[in-house]
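Atoms within each ligand, like the ligands themselves, are counted from 1 in listed order. The basis for the numbers below is simple: all heavy atoms, side chains too, and nothing from hydrogens, waters or symmetry mates. Just so it is clear, the structure is predicted and the values come from calculations on it, not from any experiment.
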Amino acid sequence: MNSLHWLKKSCAVALVGVLLTYSGSSFVFADEQSDLADRLEQAQQELEESEQKLDDAQNELENQQKLGSSMRQSEQQLRNEISSLVGQISTTEAQIAAKQEEIDEQQGKIDEQQERIDDRWDDFKERVAAMQVMRSGGMLGMLANVTSLTAFLSFGDDLQQLSKKDREVLDEMNAEKAKLEQLQLELETQRNELETQRVNMQSQQQQLEINKAQLAEQIKEQDKNIDAAAADEQAAQAERDAKYRIWVQAQAEYDRLANQGGGGSVIGDGSVMWPLPGYTRLSSVFGEDRWIWGVADTNHGGVDIPAPAGTPIHVFQSGTVYNSYYSASYGNVVMVDHGGGLVSIYAHMSSRAANVGDVVIVGDVIGYVGSTGQSTGNHLHFETRQNGVRVDPLGYVSPS
Ligand SMILES: [Zn+2]
């Protein structure tokens, strides 16, 4: 009775234990799932924040670059203004030199005129002296004072008339000289105006040179701002990439738990790229029948993309690596689960660069082109399977 009671009791305890255990693990599962959902949501939020920051950083960089290039434009404008001023200054200097030549020529004319006046004045003085002699001392005295034939020939009744003529000529000559001097003065005024212009332009040039030097300093500072903004932008980009990676990981983990054994939802944002950028020629297409090493190989399971050994192979879409090993037929092979029932396979690689469990983002390098396994030359065998059935990879991504 006692032992039966104990048995019943222990069975009840065991049953309760089983129930507890069952409901416990169910709770654990639910907890884990909600944890993963929280983490995914958190990762999503942080990704969005980091993308906003990246946007801001890119805008800031663009603004700083715009500012920098407008400063450089101003600098170029200043340079143009200075060089046009320098041109004007040298033109003005040539004008000043030409004007100075005119002034010198004019001075020559004035000097010649003065000489003529002096000569005439000498003649005049002689004649006046002769007249005086004639009036006071008579013929003999006058003759003693006449030194030239001209003076002698001038001597006569109309001597007085002649001296009057002399005076008229002298007056004309002096008037002519005054005109020459007036012109000389005008030329000098013009030259002085040109000098003033030159001095003004030179001080303008100096001011522009100062402005240019200041602007060059500002540009140097602005270049620092641009560098700083570029560094910020790069950091924001790295931050965003890290957050994206975390988000993809969180999404993959959430999907794995939420859809154990199922396809799961697409990992990452579903964007795709050609695994061998620049290598677009296919040596064999999907579904082709051919001979390899004398053995019939029908219904080719993927596409073959020839490329030199060692060319990096990029995963064509984000996902998680579920196989990475050496196979006799595939050689070095990496298989990636993209969610949604889609997997991609990269075969005959010289070496693998991804391990099982790795979360890979579209474009990540997962290995290098080679000719391992059942292969006749360096190429990538690129294969896709939808829900376990081989399908043409060109249905997902085009060569580019
Ligand atoms: Zn192949």
Side-chain angles (χ1 to χ4, degrees), residues 248 252 262-264 266-400:
V248 169
V266 172
I267 294 165
D269 58 12
S271 60
V272 298
M273 75 171 275
W274 187 242
L276 286 177
Y279 298 96
T280 56
R281 187 177 72 82
L282 304 181
S283 56
S284 175
V285 296
F286 180 78
E288 196 174 304
D289 296 335
R290 69 243 167 103
W291 291 88
I292 292 179
W293 294 348
V295 178
D297 179 46
T298 57
N299 197 12
H300 187 214
V303 295
D304 287 348
I305 316 160
T311 306
I313 297 164
H314 305 267
V315 69
F316 103 103
Q317 191 183 312
S318 299
T320 48
V321 176
Y322 72 96
N323 257 329
S324 173
Y325 66 109
Y326 186 87
S327 140
S329 56
Y330 276 138
N332 276 312
V333 63
V334 166
M335 301 183 178
V336 180
D337 183 355
H338 304 289
L342 175 67
V343 301
S344 63
I345 294 165
Y346 309 82
H348 308 307
M349 300 196 284
S350 58
S351 66
R352 289 172 274 127
N355 298 310
V356 172
D358 284 355
V359 170
V360 285
I361 309 296
V362 57
D364 279 355
V365 173
I366 51 157
Y368 301 90
V369 171
S371 185
T372 55
Q374 210 171 319
S375 165
T376 53
N378 289 312
H379 77 283
L380 168 66
H381 171 91
F382 176 44
E383 187 174 320
T384 46
R385 294 179 189 172
Q386 185 66 54
N387 301 321
V389 179
R390 287 175 170 135
V391 286
D392 189 351
L394 300 190
Y396 299 95
V397 63
S398 303
S400 66

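A side-chain donor-acceptor contact under 3.5 Å links H300 to the backbone of V285.
Taking CG of L394 as the reference point, atom CG of L282 lies at 6.0 Å (rounded to 0.5 Å). Here the CG atom belonging to D304 is positioned 8.5 Å from the CD atom belonging to E288, to the nearest 0.5 angstrom. Taken to the nearest 0.5 Å, the CG atom of N332 stands 12.5 Å off from the OH atom of Y368. Taking CE of M273 as the reference point, atom CG of D364 lies at 10.0 Å (rounded to 0.5 Å).
The aromatic rings of Y330 and H381 sit tilted relative to each other, their planes meeting at an angle between 30° and 60°.
Less than 2.8 Å away from the Zn ion (ligand 1), the protein contributes these N/O/S atoms: H300 NE2, D304 OD1, H381 ND1.
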